[in-house]
Number of protein chains: 4
Amino acid sequence: MRSENESSGQKTRSFIEEARRSQIVASTVEVLAEAGFAQASLARIAKHAGVSKGVISYHFAGKDELMEEVVERTYAAVVKHVLARMEGVESATELLRTHVLAAAEHMRDHPAQLKALGEILVNLRTADGGLRYGVRTNEEVYRALESIYRLGQETGEFRTFDTRVMAVTHSAAVDDMFAYWTAHPGHDLDAHARELAGILERACAR
Amino acid sequence: MRSENESSGQKTRSFIEEARRSQIVASTVEVLAEAGFAQASLARIAKHAGVSKGVISYHFAGKDELMEEVVERTYAAVVKHVLARMEGVESATELLRTHVLAAAEHMRDHPAQLKALGEILVNLRTADGGLRYGVRTNEEVYRALESIYRLGQETGEFRTFDTRVMAVTHSAAVDDMFAYWTAHPGHDLDAHARELAGILERACAR
Amino acid sequence: MRSENESSGQKTRSFIEEARRSQIVASTVEVLAEAGFAQASLARIAKHAGVSKGVISYHFAGKDELMEEVVERTYAAVVKHVLARMEGVESATELLRTHVLAAAEHMRDHPAQLKALGEILVNLRTADGGLRYGVRTNEEVYRALESIYRLGQETGEFRTFDTRVMAVTHSAAVDDMFAYWTAHPGHDLDAHARELAGILERACAR
Amino acid sequence: MRSENESSGQKTRSFIEEARRSQIVASTVEVLAEAGFAQASLARIAKHAGVSKGVISYHFAGKDELMEEVVERTYAAVVKHVLARMEGVESATELLRTHVLAAAEHMRDHPAQLKALGEILVNLRTADGGLRYGVRTNEEVYRALESIYRLGQETGEFRTFDTRVMAVTHSAAVDDMFAYWTAHPGHDLDAHARELAGILERACAR
DNA sequence: AATGAATGAGCATTCATTCAT
DNA sequence: AATGAATGAATGCTCATTCAT
């Protein structure tokens with residue numbers, strides 16, 4: 001009964017099934033953002049979504065798959081937004097600034113998603129006890145950032161430095177900018193992002 | 001006949017009790033570092049320590065007190081080490097560099113303690129559901145870093161910038177340096193620290 | 001589409017859920033009667049009912065709710081039976097006799113229920129350490145008995161006496177009649193009840 | 001190493017040991033009266049007494065023996081007081097009245113002891129789950145009361161009635177008089193006792 | 001496609017008891 | 001004679017998961 005499409009690892013899902021999955025993912029994001037990972041039981045998520053607990057088990061192989069779906073969807077949304085903003089920008093300096101500002105932009109508009117993402121990245125573990133995500137998962141981000149830094153070094157905009165260290169620093173600074181904003185809602189996120197872009201530019205400048 | 005130390009609200013503990021508390025705290029740190037907060041049950045901690053579950057209840061009022069003890073001891077150790085390294089250093093630039101290097105030094109020698117500390121800060125919650133510590137706990141760190149940055153601005157070593165943003169960035173960069181090193185044990189932590197110090201110096205420089 | 005009954009704050013329960021609740025309540029009554037309050041753990045009650053421990057938690061918010069349900073159901077049954085027997089009886093003397101005999105009747109048919117009720121009333125405590133029910137719960141009984149005694153005083157059947165003392169005495173005598181019968185199963189409960197009714201009548205007579 | 005005195009079932013105890021036992025029994029009575037049987041853990045009793053938990057285990061074979069000692073001592077005190085008051089009284093009617101009033105007198109002066117006694121009688125169980133005391137334990141009381149009632153019947157003061165039923169009723173009425181007073185501290189215990197004596201006299205009168 | 005019911009393992013905590021000192 | 005330390009069983013409760021309907 002499997003369709004050919006499944007060969008790519010994606011199951012074919014009916015419209016209604018897709019809607020349910022989205023609804024449950026949205027509920028999960030909200031519960032994670034409000035109450036944190038430890039309090040995000042399936043019972044609580046189901047209650048928040050207004051469905052029975054069983055429906056989650058029906059649509060997801062287990063809690064882990066649900067959490068992974070949250071990560072994938074949330075992560076994809078950030079990447080999509082940032083890449084769209086970076087489209088057409090050519091100088092490394094501008095790409096750097098655009099990356100920071102675009103990320104902040106998206107954070108500002110989707111705080112719950114990013115709080116939820118943070119909860120999962122820090123807490124979700126595999127059966128063997130190790131973190132399911134973790135710094136290793138940032139590899140993709142590091143590579144993308146490194147390509148910007150290397151571009152700048154090649155064009156002569158940037159001095160010579162260790163691009164991996166700079167990428168880790170950049171990524172950390174953006175993540176914590178958001179965490180700080182979450183903890184201090186009155187904080188001016190956009191101003192922080194502009195200031196941070198300036199810091200990174202100076203750190204890279206010849 | 002009470003010693004002066006007792007007047008500060010600290011119960012006097014027998015040598016043997018102190019030893020047990022230390023042993024249990026050490027066990028807790030290791031379990032937290034290996035398996036994360038959610039898996040750090042009293043049963044697991046006790047098993048790791050080679051004692052019965054009841055021993056923990058006997059020596060600590062509850063799990064929360066145990067976790068708070070871990071935070072206090074671990075945090076105190078970091079602060080003590082970094083402050084010791086900073087003693088006698090006078091220029092803001094040198095203080096900045098020293099702070100980064102000293103933090104890296106301590107991380108390298110006590111990776112489990114810092115992993116455990118992070119687990120608790122992010123996960124431990126009060127009865128009302130709020131985080132027991134949380135990003136706000138970083139306030140103390142931010143203040144300390146800001147005082148370095150302000151010193152540099154006053155002495156003219158540093159340009160004008162938002163010291164809070166710089167402190168958040170600094171703190172994040174140091175934390176993730178450690179996380180990256182934990183995930184990639186072959187990574188050269190000290191080189192990373194020196195590179196990071198350079199990045200921060202350039203970001204601050206006039 | 002909600003029935004009128006639901007408007008009174010009672011959740012609608014499915015047939016199967018009601019059956020389970022009844023089964024668990026019945027099991028609780030039996031365990032309380034046999035082994036007493038302190039031994040009536042959820043584990044023991046579940047085992048007695050032949051279900052898993054979780055079932056109880058699923059159907060009742062907690063142990064307290066279960067115990068309160070036992071009290072409500074059991075108490076309602078006694079009151080219903082005694083009131084039914086008293087219906088239509090008019091003279092105070094006859095009401096007095098009927099009350100004693102009807103209580104004994106019900107005791108004889110539902111000894112476990114009454115034992116269980118007693119266990120809960122005397123032992124169940126609120127979070128603050130006070131008795132959840134306690135002697136004060138008898139107030140309702142005392143009031144009902146006093147109304148009989150006052151009626152007799154008004155009609156001239158009874159002499160003047162302190163109706164509260166008489167009600168407390170009456171209630172105690174009925175309770176211990178049951179306790180004595182429980183401890184001495186060969187004892188003739190109905191004869192005891194008739195004798196007790198005679199004692200109370202003489203005590204009240206002009 | 002057993003002394004001859006032990007043959008009577010009583011161990012010889014040093015003065016100091018006796019003092020400790022008394023101190024612990026007194027603490028137990030107070031804790032039982034304040035917090036009830038379920039809350040009367042050895043830890044709480046020891047804390048109340050200002051001694052370590054181990055000392056209780058040292059002086060008593062176990063919690064049960066401690067509770068039994070409380071019952072014995074408390075019970076002996078009541079009996080002693082009531083018998084003293086009854087000494088020299090000759091008519092059954094007077095003995096009856098004296099018994100009720102003397103019990104109330106003692107209750108009034110030792111409320112904690114009697115609250116504690118009640119807690120134990122109702123809650124303490126043997127290993128097989130049955131009540132350690134219970135109505136059966138009242139047998140001694142019933143016999144004593146019956147002897148009064150029979151005396152009255154023989155002297156012609158009292159009518160013919162079932163002395164056992166009367167004894168159970170009498171005992172119950174006295175016990176609940178105290179329970180009512182415990183629950184309603186403002187209640188006039190002595191007035192209640194006089195009223196109850198009147199009730200019993202009328203119930204017995206020819 | 002969805003549900004309500006049930007399970008059983010795991011949780012933190014309490015407690016009577018034991019024992020070396 | 002007394003203690004502090006330790007034990008391990010038991011308690012009420014939570015939760016992800018399973019399953020018949």
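Throughout, a chain's letter reflects where its sequence line sits, starting with A, and its residues are numbered from 1. We use all heavy atoms of the structure for the numbers below, so side chains are in, but hydrogens, waters and symmetry mates are not.
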* To do: Remember a base hit wins even if backbone is also touched, and classify Ser57(B) as base, sugar-phosphate or nothing at under 4.0 Å, heavy atoms.
  => base
* Got a second to check how far Arg44(B)'s CZ is from Glu30(B)'s CD, nearest 0.5 Å? -> 12.0 Å
* Report yes or no: is there a donor-acceptor pair, N or O only, under 3.5 Å between the side chain of Lys53(A) and the base of dT17(F)? => yes
* Considering only dG8(F), dT17(E), dC11(E), which nucleotide approaches the side chain of Ser52(B) most closely? -> dG8(F)
* Starting at atom CD of Glu65(B), determine the distance to atom C1' of dT13(E), rounded to an integer number of angstrom. => 14 Å
* Rounded distance (nearest 0.5 Å) linking atom CE of Met67(B) with atom CG of Leu32(B) -> 4.5 Å
* To do: Respond yes when some side-chain nitrogen or oxygen of Arg20(A) is under 4.0 Å from OP1 or OP2 of dA1(E), and no when none is.
  => no
* On DNA chain E, check which nucleotide each of Ala40(D) and Asp64(B) is closest to and give me the residue with the more 5' one. => Asp64(B)
* Structure fact -> Whichever of Gly50(B) and Gly54(C) has the more 5' nearest nucleotide on DNA chain F, that residue is Gly50(B)
* Structure fact -> From the candidates dT11(F), dA6(E), dT7(F), the one with an atom nearest any side-chain atom of Val55(B) is dT7(F)
* Asked: Side chain of Lys63(B): nearest nucleotide among dA6(F), dA12(E), dA1(E)?
  -> dA12(E)
* Asked: For His59(C) and dG4(E), is the shortest distance between a side-chain N/O and OP1 or OP2 below 4.0 Å?
  -> no
* Asked: Applying a 3.5 Å limit to both distances, which nucleotide forms a Watson-Crick or G-U wobble pair with dG10(E)?
  -> dC13(F)
* Glu17(C) has an atom CD; how far is it from atom P of dT3(E), in whole Å? -> 16 Å
* Ile56(A) CD1 to dT18(F) P, straight-line distance once rounded to whole Å -> 14 Å
* Asked: Which nucleotide sits closest to the side chain of Tyr58(A): dA2(E), dA16(E), dA6(E)?
  -> dA2(E)
* Can you tell me how far P of dG8(E) sits from NZ of Lys47(C), to the nearest Å? -> 14 Å
* Can you tell me how far the OH atom of Tyr58(B) sits from the CZ atom of Arg20(B), to the nearest 0.5 Å? -> 11.0 Å
* Closest nucleotide among dA5(F), dA16(F), dA2(F) to the Ile16(B) side chain -> dA5(F)
* Asked: Between dA1(F) atom C1' and Phe15(D) atom CZ, what is the distance in whole Å?
  -> 15 Å
* To do: Mind calculating the distance between CD (Glu18(C)) and C1' (dA5(E)) to the nearest angstrom?
  => 15 Å
* **Side chain of Ser41(B) - closest among dG12(F), dT3(F), dC11(E)** => dC11(E)
* **From Phe37(B) atom CZ to Ile120(B) atom CD1, the distance as rounded to the nearest 0.5 Å** => 7.0 Å
* Asked: What's the CD1-P distance between Ile45(C) and dC13(F), to the nearest Å?
  -> 11 Å
* **Partner nucleotide, any strand, of dA6(F) [Watson-Crick/G-U, under 3.5 Å]** => dT17(E)
* To do: Select one nucleotide: of dA16(E), dC11(E), dA6(E), the one nearest the side-chain heavy atoms of Ala43(B).
  => dC11(E)
* Please report the closest heavy-atom contact between Ala49(D) and Gln23(D), naming both atoms and the distance. => O-NE2, 3.2 Å
* Verdict with reasoning, Leu131(D) to Val122(D), per side chain to side chain contact (heavy atoms under 4.5 Å, CB included) -> CA-CA 7 Å; Leu131(D) 283 174; Val122(D) 167; 5.9 Å; no
* **Between dA1(E) (P) and Arg21(A) (CZ): distance, integer Å** => 13 Å
